[in-house]
Asks: 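Structure in structure tokens, see below.
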There are 2 protein chains.
Amino acid sequence: MTKNVPLPVDNRRDELVRVSARLFREKGFDGTTIRDIADAVGMRSGSPFYHFKTKQDILAAVMEEGLTAGLPAAEAIVASDLAPGPKFRALVRAHLEIVLAEGHDFIPVLLYDWRCLTPELRERVQVLRDRYDQLWQDVIDQLGAAGLLRSQGAVSRLLVMGAVNYTVLWYKPGQGLNLDQIADEVVAMFLLP
Amino acid sequence: MTKNVPLPVDNRRDELVRVSARLFREKGFDGTTIRDIADAVGMRSGSPFYHFKTKQDILAAVMEEGLTAGLPAAEAIVASDLAPGPKFRALVRAHLEIVLAEGHDFIPVLLYDWRCLTPELRERVQVLRDRYDQLWQDVIDQLGAAGLLRSQGAVSRLLVMGAVNYTVLWYKPGQGLNLDQIADEVVAMFLLP
DNA sequence: CCTACCGATCGGTAGG
DNA sequence: CCTACCGATCGGTAGG
């Protein structure tokens, strides 16, 4: 039987990515040291380099983890047969979860520390990022076609995503609006009656 | 005659602030060293500390310079007798200048590296920042009262400022829309007909 | 504002 | 994944 044969998953690597996401979000990529990361997972300072070639590779892994975790839900929403308005609300709500929920530090790190990536890594992560952005563009275009948005095109998407992503800088869990209420505000703000 | 008596301005200090703003914006606060800054103004590495006690004090000076430079124009717009719609457009346009125009790196640094400030410095800069935010809140409230906005309150301001500030991450001078066109898009996106 | 320097810390590596 | 370490660099300072 293959019962006890472990899959080739690298749990320690996953742990490093998860812990690094938290630290990068709190203190920034440049403000976090390899020793911070190693301490947080109970390793010695040289050991993270057994799993990653460089510190920047950890950063890229954090961002890719966030994107690959967020893409399926977003794809399902866009592929659904919801009307454009409810589809937009669902996408916004799912995105707020990804960006604001406890322990979801991956995409905030992407937003904060994008410029810390080397050009090569940036290019690699950009592939996934493009897929995510395209999903938003599809929904924005559907809203425009339905006459629910005053403005269209790439700039409309950037303005909407800016408003939504900026929540990272002001949302405080347990204070003010919750994620559902913020989603309602976004819909009220952007969609025509 | 008092003709050649210089005013107590510190030109070297101003130069340090301006150059630091550019470097902080390009590479981040943690990614910029005192030696980078000293080199850029033609000083030796210890000399910036003649003008500033710590590296963080330079960061605070950069942010305060941006706010004190931007406040008068914004105050004049808010105090003007423009109707709410045109007033909003004027404020957005002025803000885009502050955030996107060549050499205007102060407020982008504030947006990027806010978390790099010590709590004490953050509190000091926050005083100016509150004044700037309040100007936006005033205009947002006027829009709401005039029935030009679907949503009101502090969250509305944060969504609008998010959309506008996010331009820092995607605007490329000479490519795509210019600042006037972006202001038009923002107005079209948010204001009711 | 320069000279000369310090103690601390950094990302990363060789060898096991 | 640890031990032991390296060369480089960092923010900051004393004395002039």
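Naming: A, B, ... by sequence-line order, numbering from 1 per chain.
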Asks: Compare every heavy atom of A:Leu179 with every heavy atom of A:Glu97, then report the nearest pair and how far apart it is.
Replies: OE1-CD1, 3.7 Å
Asks: Verify the distance criterion only: is there a donor paired with an acceptor across the side chains of A:Gln142 and A:Asp138 at less than 3.5 Å?
Replies: no
Asks: Name the closest nucleotide to the B:Ile34 side chain, picking from C:dT3, D:dG11, D:dT3.
Replies: D:dG11
Asks: If I take atom CG in residue A:Asp36 and atom C1' in nucleotide C:dT9, what distance separates them, rounded to the nearest angstrom?
Replies: 11 Å
Asks: Provide the closest heavy-atom pair for A:Gly85 versus A:Leu143 in the form atom of the first, atom of the second, distance.
Replies: N-CD2, 4.0 Å
Asks: Could you walk me through whether B:Asp184 and B:Arg89 pass salt bridge (Lys or Arg N to Asp or Glu O under 4.0 Å), step by step?
Replies: CA-CA 8 Å; B:Asp184 288 338; B:Arg89 206 212 109 99; 2.2 Å; yes
Asks: What is the distance, to the nearest angstrom, from the CG atom on A:Asp39 to the C1' atom on C:dT9?
Replies: 13 Å
Asks: How long is the line joining CG of B:Asp30 and P of C:dT9, in whole Å?
Replies: 16 Å
Asks: Assuming nearest nucleotide by heavy-atom distance, tell me which of B:Arg13 and B:Ser45 is located more 5' along DNA chain C.
Replies: B:Arg13
Asks: Considering non-hydrogen atoms only, spot the tightest contact between A:Ser156 and A:Leu149 and give its length.
Replies: CB-CD2, 4.5 Å
Asks: Where the side chain of B:His51 is defined as all heavy atoms beyond and including C-beta, which of D:dC2, C:dC1, D:dC1 is the nearest nucleotide?
Replies: C:dC1
Asks: Nearest whole angstrom, please: distance from the P of C:dC5 to the CZ of B:Arg44.
Replies: 14 Å
Asks: Can you tell me how far P of D:dT9 sits from NZ of B:Lys55, to the nearest Å?
Replies: 15 Å
Asks: Give each stem of DNA chain D as a range with a range, requiring at least 3 consecutive Watson-Crick or G-U wobble pairs whose two distances are under 3.5 Å.
Replies: C:1-16 with D:1-16
Asks: With no hydrogens and no angle check, just 3.5 Å: does a side-chain donor-acceptor pair link A:Asn165 and A:His95?
Replies: yes
Asks: A:Asp57 has an atom CG; how far is it from atom P of C:dT13, in whole Å?
Replies: 11 Å
Asks: Among the nucleotides D:dG11, D:dC2, C:dC1, which one has an atom lying closest to any side-chain atom of B:Arg12?
Replies: C:dC1
Asks: Side chain of A:Phe49: nearest nucleotide among D:dC2, C:dT13, C:dC1?
Replies: C:dT13
Asks: Does the side chain of B:Glu15 reach to within under 4.5 Å of the side chain of B:Met43, using non-hydrogen atoms?
Replies: no
Asks: Looking at every non-hydrogen atom in both residues, tell me the closest pair between B:Leu121 and B:Ala60 and how far apart they are.
Replies: CD2-CB, 4.0 Å
Asks: Is the terminal nitrogen or CZ of A:Arg115 (NZ for Lys, CZ for Arg) located under 6.0 angstrom from the six-membered ring centre of B:Tyr112 and within 45° of that ring's axis?
Replies: yes
Asks: Below 3.5 Å is the cut-off: list the nitrogen or oxygen pairs between protein and nucleotides 14-16 of chain D, distance only.
Replies:
none

Asks: Checking side-chain polar atoms at under 3.5 Å, does A:Asp130 have a donor or acceptor matched by the opposite partner on A:Gln126?
Replies: yes
Asks: Once you round it to whole Å, what is the distance between P of D:dC1 and CD1 of A:Ile37?
Replies: 14 Å
Asks: Reckon B:Arg35 touches a base, only the sugar-phosphate, or nothing at all at heavy-atom distances under 4.0 Å?
Replies: base
Asks: Name the nucleic acid region contacted by A:Thr33, choosing base, sugar-phosphate or nothing; use a 4.0 angstrom heavy-atom cut-off, strictly under.
Replies: sugar-phosphate
Asks: Figure out the CE/C1' separation between B:Met43 and C:dT3, and round it to whole Å.
Replies: 15 Å
